[in-house]
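Read the numbers this way: they start at 1 and go in the same order the structure lists the ligands and their atoms.
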Amino acid sequence: MQSLSQFLAAHVASSSLQEVLLVTTETCKEISAALKKGSLAGILGMAGNENVQGEEQKKLDVISNNMLKNALLACPSVRAIASEEEDDIVPAHTTGEYLISFDPLDGSSNIDINSMVGTIFSLYRTTGDHPATEVEFLRPGKEQVAAGYVLYGPSTMLVFTTGNGVNMFTLDIDQGEFLLTHENVKVAAETQEFAINMSNQRFWSDAMQAYVSDLVLGKDGPRGKNYNMRWVAAMVGDVHRILCRGGIFIYPWDKKDPTKAGKLRLMYEANPMAMLIENAGGKAFTHTQRILDIQPEGIHQRVPVILGAANEVDKCLSY
Ligand code: F6P
Ligand code: MN
């Protein structure tokens, strides 16, 4: 079985991109090890701070963020980082070729119930010799050179793309290596499985309510087939399921939010997941546009997300 370093050597031309991906994934192995210790490591629970979105940070959010931040800032190929847990970008090396945005621990409310969480990352290439600014990060997702996540589940998996298909690696804990286990994964165009937080139903747009009502009507409704529903409450887990067995994932804007922005963050949630889903043959849209075409206005910007099986995303948008 091919190891991650062998795979990178064979498929990623830029040695600096290889370096950034290796530093990121090595750190994720350490995060995985910390998570495996659970309560024994005395690291669960709140850290007592709020992040820039006003959400309470869990201790492990802070720990994971610091681990990634320290490792990436020390990496000469990194120009700057942006993180869900940092208000501003953090500059690294003025000649670094890569800007990396990450969600250090997505779905962190799952930590206390020993359920799935993950690290999501997105990379852009940059040139020249100057200190990074936030403006440099504000490029549409279609310019990402690599994107992926590490899922901390029953096994730890790395899933990433450099624009040439999506590959999955499983962490072999005996060797301490990510090994290529699923090559060039594809998302089927049709599905009978959806993921949405139904508790927000009454706040959705009328169109979204009509679409989901028709799914729930199953064989007796206009869709003429029964649908199953799943919700991991960690985007990384829901997207992983879709890459493994298909489906549609939706986090729509709702009427509680006059800006219609939704919950998920463009730079380190929607964009990297959209790049993965598109590379696997699926689609990723807001209610009005392709996610990868959005011109970002801020590193912590939020967007509505509808992604997964191509025909199902089209159907949803047709409402
Ligand atoms: O990072 C935000 C997030 O935790 C996603 O991972 C997940 O999809 C979503 O929020 C869960 O939202 P809710 O709390 O509405 O289930
Ligand atoms: Mn998240």
Side-chain angles (χ1 to χ4, degrees), residues 24 28 31 35 46-47 49-65 67-69 81-87 100-122 141 147-153 157 159 193-205 208 212 229-243 247-257 260-277 284-286 291 298-308:
T24 305
C28 289
I31 295 173
L35 283 163
M46 302 296 176
N49 299 318
E50 282 193 348
N51 67 13
V52 65
Q53 280 92 24
E55 296 159 347
E56 261 183 298
Q57 290 176 314
K58 303 273 178 176
K59 271 190 193 170
L60 266 166
D61 291 2
V62 179
I63 292 166
S64 309
N65 183 56
M67 285 162 77
L68 282 163
K69 180 177 165 182
I81 64 162
S83 163
E84 177 176 342
E85 305 299 343
E86 301 283 336
D87 294 2
I100 176 163
S101 308
F102 55 86
D103 180 349
L105 212 53
D106 177 61
S108 52
S109 69
N110 275 355
I111 294 168
D112 289 340
I113 58 164
N114 195 23
S115 190
M116 262 192 267
V117 289
T119 299
I120 310 174
F121 57 89
S122 152
Y149 59 81
V150 174
L151 177 75
Y152 312 109
M157 292 187 72
V159 178
E193 197 158 74
F194 69 99
I196 192 165
N197 183 343
M198 292 290 292
S199 69
N200 293 322
Q201 184 168 18
R202 68 192 185 284
F203 302 117
W204 301 335
S205 67
M208 189 56 76
V212 176
M229 198 212 76
R230 286 288 181 266
W231 187 250
V232 178
M235 185 192 200
V236 70
D238 283 306
V239 170
H240 187 69
R241 185 187 59 256
I242 289 173
L243 288 169
I248 184 169
F249 167 90
I250 307 176
Y251 213 112
W253 65 272
D254 68 42
K255 293 171 186 167
K256 293 192 285 316
D257 171 15
K260 297 191 175 178
K263 180 179 188 188
L264 300 176
R265 274 52 69 101
L266 174 62
M267 299 293 294
Y268 39 79
E269 293 180 322
N271 267 341
M273 294 314 200
M275 184 176 181
L276 287 168
I277 290 290
F285 277 73
T286 69
I291 287 173
I299 51 170
H300 298 296
Q301 179 177 348
R302 296 172 190 264
V303 289
V305 173
I306 302 167
L307 62 75

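Across all non-hydrogen atoms, the minimal contact from Ser101 to Met267 is CB-O, 3.9 Å.
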List the steps, then state whether ring pair (Phe, Tyr, Trp, His ring centres under 6.0 Å) holds for Phe249 with Trp231.
CA-CA 9 Å; Phe249 167 90; Trp231 187 250; 5.5 Å; yes
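Counting atoms of ligand 1 from 1 in the listed order, those under 4.0 Å from a heavy atom of Asp106 are 1 (O), 5 (C), 6 (O). When each atom of ligand 1 is checked for a heavy atom of Asn197 under 4.0 Å away, the hits are 13 (P), 15 (O), 16 (O). Taking a cut-off of under 4.0 Å to the non-hydrogen atoms of Tyr251, the atoms of ligand 1 that pass are 12 (O), 13 (P), 15 (O). Shown in contact with Ala233 at under 4.0 Å from a heavy atom are these atoms of ligand 1, numbered in order with element: 4 (O), 7 (C), 11 (C). Listed by number with element, the atoms of ligand 1 under 4.0 angstrom from any heavy atom of Arg265 are 1 (O), 2 (C).
If you look at Glu269 and ask which of its N, O or S atoms sits nearest the Mn ion (ligand 2), the answer is OE2. Within Asp103, the N/O/S atom positioned nearest the Mn ion (ligand 2) carries the name OD2. For Asp106, the N, O or S atom with the smallest separation from the Mn ion (ligand 2) is OD1.
The backbone N or O of Val232 lies less than 3.5 Å from a partner atom in the side chain of Asp238, making a donor-acceptor pair. A donor-acceptor contact shorter than 3.5 Å is absent between the side chain of His240 and the backbone of Leu151. A distance-only check finds a donor-acceptor pair linking the side chain of Asn110 to the backbone of Met116 [under 3.5 Å].
When Met235, Met198, Met273, Glu269 are ranked by how near their heavy atoms come to atom 1 (O) of ligand 1, first place goes to Glu269.
Heavy atoms of Glu84 come nearer than 4.0 angstrom to ligand 1 in no pair at all.
Side chain to side chain, Ser122 and Asn271 fail the donor-acceptor criterion of an N or O pair below 3.5 Å.
Classification of Glu193 and Arg241 as a salt-bridged pair holds, one side-chain N sitting under 4.0 Å from a carboxylate O.
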